[in-house]
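Structure first, then comments.
Keep in mind the model is a prediction, meaning the values are calculated, not measured. All values below were derived from every heavy atom in this structure, side-chain atoms included, with hydrogens, water molecules and symmetry-related copies excluded.
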Amino acid sequence: MGASIELDKDNEIVFDDTGQCKIVLEADDIIQAIRVELCQNKEQWYLNTNFGVPWLNERNTGILQGKVENRRIINEISKVVKKYEIDRIKKIEFTDNNNLKIEIVLKGQDREVIIE
């Protein structure tokens, strides 16, 4: 990764006071890329149908369809996170307010990815 346009938690472009879009670099770029991919339903983006997590699909085989198992959800999330240049995943958990919290080590530093 290198640099990308900064996106807020709703995946909208962030602009500075002068109207220029902000940029995220290096580690923040990786964190943002993980967050964006985890928010995408697999097979939905026609330019890359392998991008995202198989949350829901027309075949009713998505991880949120039928019997919902936390282990299966965490396995799918791990697959996405491991595609990026991280040192390791420390923890994946659901918070009390139903957010997803992922603790990773990235370039030797502890980082968090929060999905609301």
Side-chain angles (χ1 to χ4, degrees):
M1 297 249 120
S4 297
I5 294 172
E6 184 176 344
L7 303 174
D8 66 14
K9 66 181 180 83
D10 297 319
N11 294 329
E12 299 289 333
I13 297 174
V14 176
F15 296 93
D16 66 18
D17 294 339
T18 65
Q20 299 289 320
C21 60
K22 290 185 171 185
I23 303 293
V24 291
L25 302 170
E26 300 175 10
D28 291 330
D29 189 27
I30 293 170
I31 296 294
Q32 177 174 281
I34 292 169
R35 181 179 51 80
V36 168
E37 185 163 357
L38 289 174
C39 290
Q40 178 67 40
N41 193 40
K42 194 171 195 170
E43 299 178 355
Q44 210 167 28
W45 188 37
Y46 71 94
L47 294 175
N48 183 353
T49 57
N50 291 317
F51 185 78
V53 180
W55 299 114
L56 305 168
N57 61 42
E58 292 177 359
R59 298 177 307 280
N60 282 336
T61 58
I63 60 177
L64 296 180
Q65 293 169 295
K67 184 179 177 187
V68 177
E69 299 175 20
N70 279 352
R71 185 171 27 97
R72 182 173 176 217
I73 294 169
I74 289 171
N75 285 340
E76 291 294 337
I77 291 167
S78 294
K79 287 179 192 177
V80 169
V81 174
K82 288 177 182 177
K83 291 192 307 187
Y84 295 89
E85 296 176 20
I86 65 166
D87 299 338
R88 67 184 176 94
I89 298 172
K90 290 178 70 174
K91 188 179 201 180
I92 298 173
E93 66 181 352
F94 296 95
T95 63
D96 291 339
N97 52 354
N98 290 323
N99 291 338
L100 175 62
K101 179 180 174 184
I102 305 163
E103 296 176 14
I104 61 173
V105 178
L106 176 62
K107 298 184 180 188
Q109 295 184 333
D110 289 351
R111 299 294 301 262
E112 287 184 354
V113 180
I114 304 290
I115 309 295
E116 297 179 7

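- One finds no salt bridge joining Glu76 and Lys42 here, because no Lys/Arg side-chain nitrogen approaches an Asp/Glu carboxylate oxygen to under 4.0 Å.
- Val14 and Ile23 fall into different hydrophobic clusters, where Ile, Leu, Val, Met, Phe, Trp and Tyr residues are linked whenever their side-chain heavy atoms come under 4.5 Å apart, directly or through other members.
- In this structure, Asp87 contributes its side chain and Gly108 its backbone to a donor-acceptor pair below 3.5 Å.
- Summarising the geometry, atom CD belonging to Gln32 is positioned 9.5 Å from atom CG belonging to Asp8; distances are rounded to the nearest 0.5 Å.
- Here the NZ atom belonging to Lys22 is positioned 13.5 Å from the CD1 atom belonging to Ile5, to the nearest 0.5 angstrom.
- A side-chain contact (heavy atoms from CB on, under 4.5 Å) with Glu6 holds for exactly one of Asp28, Val24, Leu25; it is Val24.
- Within 6.0 Å of CD on Gln109 lie no more than 12 heavy atoms contributed by other residues, nucleotides or ligands.
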Walk me through it: do Ile77 and Ile115 pass the test side chain to side chain contact (heavy atoms under 4.5 Å, CB included)?
-> CA-CA 11 Å; Ile77 291 167; Ile115 309 295; over 6 Å; no
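- Across every non-hydrogen atom of Val105 and Lys90, the tightest pair is CG2-CD, 3.5 Å.
- Between atom CD of residue Glu43 and atom CG of residue Asn50 there is a gap of 8.0 Å, rounded to the nearest 0.5 Å.
- One distance of note links CG of Leu56 with OG1 of Thr61; it measures 10.0 Å at 0.5 Å rounding.
- Distance CZ/Arg88 to CD/Glu103: 10.0 Å, rounded to 0.5 Å.
- Of all heavy-atom pairs spanning Gly62 and Asn57, the tightest one is N-ND2, 3.4 Å.
- The minimum heavy-atom distance between Ser4 and Asp29, with the atom names listed, is OG-OD1, 2.6 Å.
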Step-by-step side chain to side chain contact (heavy atoms under 4.5 Å, CB included) determination, Phe94 to Asn99 = CA-CA 6 Å; Phe94 296 95; Asn99 291 338; over 6 Å; no
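- Sparse packing is recorded around CG of Asp17, with 12 or fewer heavy atoms of other residues, nucleotides or ligands lying under 6.0 Å away.
- Of all heavy-atom pairs between Glu85 and Leu106, the closest is O-CD1, 3.1 Å.
- Remark: side-chain polar atoms of Glu37 are paired, donor with acceptor, to backbone N or O of Gly52 under 3.5 angstrom.
- The distance from atom CG of Asn75 to atom CZ of Arg71, rounded to the nearest 0.5 Å, is 7.0 Å.
- With a 6.0 Å radius and a threshold of 12 heavy atoms from other residues, nucleotides or ligands, Lys83 has its NZ atom above the threshold.
- Nearest heavy-atom pair across Gln40 and Phe51 is CG-CD2, 3.6 Å.
- For the side-chain contact (heavy atoms from CB on, under 4.5 Å) with Ile104, the qualifying choice from Asp110, Ile92, Ile34 is Ile34, the only one to do so.
- Nearest heavy atom pair, residue Lys101 against residue Ile114, reads CG-CD1, 3.6 Å.
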